[in-house]
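One is the number of the first residue; the rest follow in order along the sequence. Side chains included, hydrogens not; waters and symmetry mates left out as well; all remaining heavy atoms used.
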Amino acid sequence: MRRRDLLAALGARAAALAAFREKAMAAGAPNIRWAVSMFLWTSTQWGDHAPVPFTDMLDVIKDTGFDGFRFIGWPGSLKTYDLSMAFLDRELSKRGLRLATLSFNGEADDPAKHAAIDKAAHEACAFLKHFGATEMVVFSPKRPNKVLVREYLRIACEYYNRLGD
């Protein structure tokens with residue numbers, strides 16, 4: 001698959017989501033804001049291709065009528081796409097887009113790592129706040145090779161409740 005084909009396929013997926021958005025807007029839901037995930041462009045299913053240029057992602061998001069996007073792979077994506085705050089400010093402003101949220105995770109089932117996760121969460125929140133975002137999507141820790149043990153889940157849930165506070 002060529003990059004052009006990849007961009008067309010991704011654009012078609014985003015267009016389908018935009019059609020759904022338009023239908024909801026027509027139903028009288030003016031307070032709903034719509035964002036799409038960077039995951040559409042960074043999914044491992046496209047492993048044989050180099051990352052799509054970040055500005056191409058933003059162009060497709062804007063052209064399909066979304067208000068913003070969910071930043072994934074934070075903070076690694078900043079390095080992957082060579083992004084600075086100034087660049088993000090400029091490119092989002094140019095397109096009238098917002099950063100809606102970011103994906104965050106950590107080994108919340110390991111109490112020894114909670115202090116490091118707290119620090120990373122505060123950095124993520126500062127990043128989000130800079131762009132006016134108020135939500136952070138938190139994912140569960142990676143599951144152990146064995147069946148997820150109830151105790152791991154209890155520790156992670158208690159930690160995430162505290163982190164949310």
*Is the closest basic N to carboxylate O distance between R162 and E158 below 4.0 Å?*
no

*Just wondering, do D118 and L163 contact through their side chains at under 4.5 Å, heavy atoms?*
yes

*Expected output: side-chain T64 to main-chain I61 donor-acceptor under 3.5 Å*: yes

*Measure up the F131 and F127 rings against each other and bin them: parallel (under 30°), tilted (30 to 60°), perpendicular (over 60°).*
perpendicular

*Walk me through it: do S84 and L88 pass the test side-chain contact (heavy atoms from CB on, under 4.5 Å)?*
CA-CA 6 Å; S84 67; L88 285 168; over 6 Å; no

*Distance-only, no hydrogens or angles: does the T101 side chain make a donor-acceptor pair with backbone N or O of V137 under 3.5 Å?*
yes

*Would you check if the side chain of H114 reaches a backbone N or O of A108 as a donor-acceptor pair within less than 3.5 Å?*
yes

*asked:* Any heavy-atom pair between the side chains of N105 and I117 that's under 4.5 Å?
replied: no

*Check whether any side-chain heavy atom of L99 sits under 4.5 Å from a side-chain heavy atom of L128, and report yes or no.*
yes

*Does the side chain of D59 come within less than 4.5 Å of R95's, by heavy atoms?*
yes

_Side-chain touch F71/S77, heavy atoms, less than 4.5 angstrom_ = yes

_A quick test of your reading: do over 12 heavy atoms of other residues, nucleotides or ligands sit less than 6.0 Å from CG of D82?_
no

_Working note: R70 + L102, criterion side-chain contact (heavy atoms from CB on, under 4.5 Å); need CA distance, chi angles, decisive distance, verdict._
CA-CA 5 Å; R70 176 174 64 109; L102 61 78; 5.7 Å; no

*Over all heavy atoms of both residues, which pair between A133 and A100 is shortest? Give the atoms and the distance, please.*
CB-O, 3.4 Å

*Any side-chain heavy-atom pair of T55 and Y81 under 4.5 Å*: no

*Closest contact, heavy atoms only, W74 versus A124*: CH2-N, 3.3 Å

*asked:* Can you confirm whether P75 sits close enough to E123 that some side-chain heavy atom of one is under 4.5 Å from a side-chain heavy atom of the other?
replied: no

_Looking at every non-hydrogen atom in both residues, tell me the closest pair between E91 and L58 and how far apart they are._
CB-CD1, 3.8 Å

*Does any non-hydrogen side-chain atom of D109 lie less than 4.5 Å from one of Y159?*
no

